[in-house]
Amino acid sequence: MNRVLSFRKTDLYVPAAAVFISLVVFLLSSIPMLAGNKGGEWVVITVSGERYAVLPLDEDRELTIPGEKGLDNLLVIKDGYADITEADCPDKVCVHQKKIRYKGETIVCLPNRVVVSIEGGGEGEVDAVSR
Amino acid sequence: MRSPGKRVAFLSVLTALGMILSYLEALIPVFYGVPGMKAGLGNILVVFLLYTLGRRDALIVNLLRISLTALLFGNPYSFVYSFCGAALSFAVMVVLKEQDFFSCYGVSMAGGIAHNIGQIIVALFLVENYRIILYLPALVISGCITGAGIAFIAAMVIKRIGRRNVIDMGT
């Protein structure tokens, strides 16, 4: 019985797979930036799966987003970048995520169910209305 | 000596212990990163039971622990999160344990990862945005680390008490 209770070399496959999966997801998530290489035009804010607001990326402004449980996120759009600079959520993962500007890039605040993403290009306006 | 009453009492004590572990980790704010995401201290019990009394008792205690914890301290959302995480985690651990390819460390780490992936699947449905996948690397790595810690604790407890003694207590 002690055999299955002691660490084996084969156990290392599990963390190896974990690191591999993480790297793949990480690389896939950065592709929009590599491929698009063109600034998006719209900042799309989603709260609890519903579209809350769509703002132009080229217009500097600040917006307080009310999240799920009355917790707020402060979104700052400046110099063509969107960024969450303050949040009431406990973990601040969204604040630490880097500012975004390219189509497909995203900032997520899971506790508040807030998702900020860049959509864009020419048809951005149509998208924003029709979806 | 086999005794149904003894088994019921033993599993009940373990369920109570599991609820205390769940409550304890709810008090530690570090694990509040994602709603429902926990270090999974309760998984110590699951690994402990899988390697002593077997999967049937592990399943019973796990189900009771999750339902009772949700009733006492949680809400419907936290129940769905922890139920889906625990279900996927349990299934993965049972299958991998049968293969006898990993020790309890590999099994528990895979269980920890599965637990977090199960929760992210729930989050995908609740938040309705596929970009939550961006949380995946952090969750996979943290599941791996907590899984290793859980295996260490469970293995140590089994070795100190003795597997035979645990089986005596629980049958």
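Atom set for the values below is all heavy atoms of this structure, side chains included, hydrogens, waters and symmetry mates excluded. We name chains A, B, ... by the order of the sequence lines, and we start the count at 1 in each one.
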Val94(B)-Leu11(B) co-clustered via ILVMFWY side chain contacts under 4.5 Å: yes

Greater than 12 external heavy atoms within 6.0 Å of Lys99(A)'s NZ: no

Verify same cluster id: Ile167(B), Val4(A) (apolar side-chain graph, 4.5 Å): yes

Residues that Glu98(B) engages under salt bridge (Lys or Arg N to Asp or Glu O under 4.0 Å), provided they are two or more places apart: Arg55(B)

Inter-chain contacts: residues 100-109 of chain B against chain A, heavy atoms under 4.5 Å: Asp100(B), Phe101(B), Phe102(B), Ser103(B), Cys104(B), Tyr105(B), Gly106(B), Met109(B)

Inter-residue atom distance Leu5(A).CG - Arg163(B).CZ, 0.5 Å rounding: 8.5 Å

For Val25(A), side chain to side chain contact (heavy atoms under 4.5 Å, CB included) partners two or more places apart: Ile21(A), Ile133(B), Leu136(B), Pro137(B)

Members sharing Leu23(A)'s hydrophobic cluster (side chains within less than 4.5 Å): Val19(A), Ile141(B), Ile145(B)

Single-linkage hydrophobic cluster, 4.5 Å side-chain cutoff, Val13(B) and Leu24(B) together: no

Portion of Cys89(A) that has a non-hydrogen atom of chain B nearer than 4.5 angstrom: neither

